Peer 1: 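Got a structure for you, written out below as structure tokens; questions coming shortly.
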Amino acid sequence: MTAETARERQYLLATPTHFTVAYAINPWMDATEPVDTARAIEQWQGLVTALTDRGHRVHVLDPEPGLPDMVYAANGAFSVGGVVFGAKFRYPQRAAEAAAHEKWYRERGWRFVAPAEVNEGEGDFAYVPGPGLALAGYGFRTEPRAHAEAAEALKRPVISLKLVDERFYHLDTALTVLDDDTIAYYPQAFSAASQEILRRLFPTAVIADEADALAFGLNLVSDDKHVFINAEATGMADKLAARGYEPVVVDLSELKKGGGSVKCCIAELRD
Ligand code: ARG
């Protein structure tokens with residue numbers, strides 16, 4: 001299957017007003033390297049424009065001082081069918097972000113399920129609409145027990161996948177959903193058993209290589225037609241174009257210093 005028509009989506013993002021690299025909780029972060037926050041904000045605005053220009057609705061969560069990673073809004077929750085499974089962060093530096101997300105959803109009438117186990121929202125959960133299942137990563141951040149909790153909260157099967165390369169510490173750095181039944185992923189980021197599971201479930205997946213993954217080429221957001229992708233990921237953009245998708249290139253070089261790109265900045269709201 002190739003790219004279809006775009007479906008209007010609703011996304012939640014957070015302005016990188018307070019973005020910096022103040023600590024290192026993934027291999028991409030180097031607290032001694034300077035960060036240009038003004039440039040990060042400009043680049044992020046480019047992402048918002050790219051989304052709204054293609055007809056999507058962007059909601060903005062108020063950024064909070066002292067939470068420099070809050071721009072990575074994907075980590076705050078995982079919503080499917082109007083139900084929101086909340087996040088519980090692995091590291092104390094990000095713990096307070098969960099409450100900000102929870103408040104946002106509750107104020108807007110979403111059914112919110114608070115988690116008991118550590119999980120970093122859409123960073124480690126991806127929804128595949130066709131089969132109606134969720135793919136979930138573990139190994140670095142999210143606890144596998146949170147996968148079962150999510151299945152119970154969202155009433156969807158959850159397939160656990162083990163991440164084994166610390167550079168790809170969240171599922172969304174190694175795998176992305178392109179449309180109802182198509183995914184793209186970098187096999188070597190997963191254990192041999194998880195690779196076998198992915199091969200069986202998604203025989204027509206787009207396969208990324210190490211260079212694609214290192215350029216954050218899998219950390220993209222697709223609306224079934226457009227794929228919003230990091231500017232550096234030229235090889236991945238070509239592969240997706242060859243499969244009929246329309247790459248929309250966004251430069252997020254400053255935010256890469258925190259270990260994230262397009263997908264990390266976006267939580268999809270599935271009502
Ligand atoms: N610095 C953040 C962290 O390590 C980056 C989060 C990236 N988010 C994502 N969805 N992969 O937690």
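All figures in this text were calculated on a predicted structure; none of them were measured in a lab. Just so you know, these numbers use all the heavy atoms, side chains as well, and skip hydrogens, waters and symmetry mates. In listed order, ligands and their atoms are each counted from 1.
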Peer 1: At a 4.0 Å threshold, what atoms of ligand 1 neighbour a non-hydrogen atom of Met29?
Peer 2: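 It comes down to these atoms of ligand 1: 1 (N).
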
Peer 1: Measure the CG-CD1 distance between Leu135 and Ile159 for me, rounded to the nearest 0.5 Å.
Peer 2: 6.5 Å

Peer 1: In this structure, does ligand 1 have an atom that sits under 4.0 Å from one of the heavy atoms of Arg90?
Peer 2: no

Peer 1: Could you tell me which non-hydrogen atom of Ala100 sits nearest to which non-hydrogen atom of Leu61, and how far apart they are?
Peer 2: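 What the structure gives for the nearest pair is O-CD1, 3.8 Å.
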
Peer 1: Find all atoms of ligand 1 within a distance of less than 4.0 Å from any non-hydrogen atom belonging to Gly123, and give their numbers and elements.
Peer 2: 10 (N)

Peer 1: Give the residue, atom name and distance (to 0.1 Å) of the protein heavy atom nearest atom 3 (C) of ligand 1.
Peer 2: Arg94 NH1, 3.4 Å

Peer 1: Examine Gly258 against ligand 1 and note whether any of their N/O atoms are separated by less than 3.5 Å.
Peer 2: yes

Peer 1: Which residue, Ile41, Val71, Val21, Val35, forms the side-chain contact (heavy atoms from CB on, under 4.5 Å) with Glu254?
Peer 2: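 Filter result, single survivor: Val35.
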
Peer 1: Please name the residue in the list Val250, Val221, Leu220 that meets the side-chain contact (heavy atoms from CB on, under 4.5 Å) test with Ile229.
Peer 2: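 Of the listed residues Val250, Val221, Leu220, the side-chain contact (heavy atoms from CB on, under 4.5 Å) partner of Ile229 is Leu220.
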
Peer 1: Any atoms of ligand 1 less than 4.0 Å from a non-hydrogen atom of Asn75? List them with their elements.
Peer 2: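 Answer for ligand 1: 6 (C), 7 (C), 8 (N), 9 (C), 10 (N).
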
Peer 1: For Asn219 and ligand 1, does the shortest N/O to N/O distance drop below 3.5 Å?
Peer 2: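 Not met; the criterion fails.
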
Peer 1: Looking at Tyr186, Trp28, Phe228, which one forms a ring pair (Phe, Tyr, Trp, His ring centres under 6.0 Å) with Phe216?
Peer 2: Trp28

Peer 1: Let me see the working for Phe125 and Phe78 under ring-ring contact (aromatic ring centres under 6.0 Å, His included), right down to the final yes or no.
Peer 2: CA-CA 7 Å; Phe125 286 104; Phe78 176 48; 5.0 Å; yes

Peer 1: I'd like to check which ligand 1 atoms, numbered from 1 as shown, lie under 4.0 Å from a non-hydrogen atom of Gly259.
Peer 2: 7 (C)

Peer 1: For the 3.5 Å polar cut-off, considering only N or O atoms, please tell me whether Thr173 and ligand 1 meet it.
Peer 2: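 No.
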
Peer 1: Identify the residue among His101, Arg141, Glu97, Arg94 that makes a side-chain hydrogen bond (donor to acceptor under 3.5 Å, both in side chains) with Asn75.
Peer 2: Arg94

Peer 1: Within ligand 1, which atoms have a heavy atom of Asp69 less than 4.0 Å away?
Peer 2: 1 (N), 2 (C), 3 (C)

Peer 1: Within the 4.0 Å heavy-atom shell around Arg141, which atoms of ligand 1 are there?
Peer 2: 3 (C), 4 (O), 12 (O)

Peer 1: My understanding is that only one of Glu120, Lys263, Glu122 makes a side-chain hydrogen bond (donor to acceptor under 3.5 Å, both in side chains) with His170; could you say which?
Peer 2: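 Result for side-chain hydrogen bond (donor to acceptor under 3.5 Å, both in side chains) with His170: Glu120.
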
Peer 1: Which of the atoms of ligand 1 are close to Asp172, meaning less than 4.0 Å from one of its heavy atoms?
Peer 2: 9 (C), 10 (N), 11 (N)

Peer 1: Any ion pair linking Lys88 and Glu149 (charged N to carboxylate O, less than 4.0 Å)?
Peer 2: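 Answer for the salt bridge query: no.
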
Peer 1: Considering heavy atoms of the protein only, find what lies nearest to atom 9 (C) of ligand 1 and give residue, atom and distance to 0.1 Å.
Peer 2: Cys264 SG, 2.7 Å

Peer 1: Is there a heavy atom in Tyr169 that sits closer than 4.0 Å to ligand 1?
Peer 2: yes

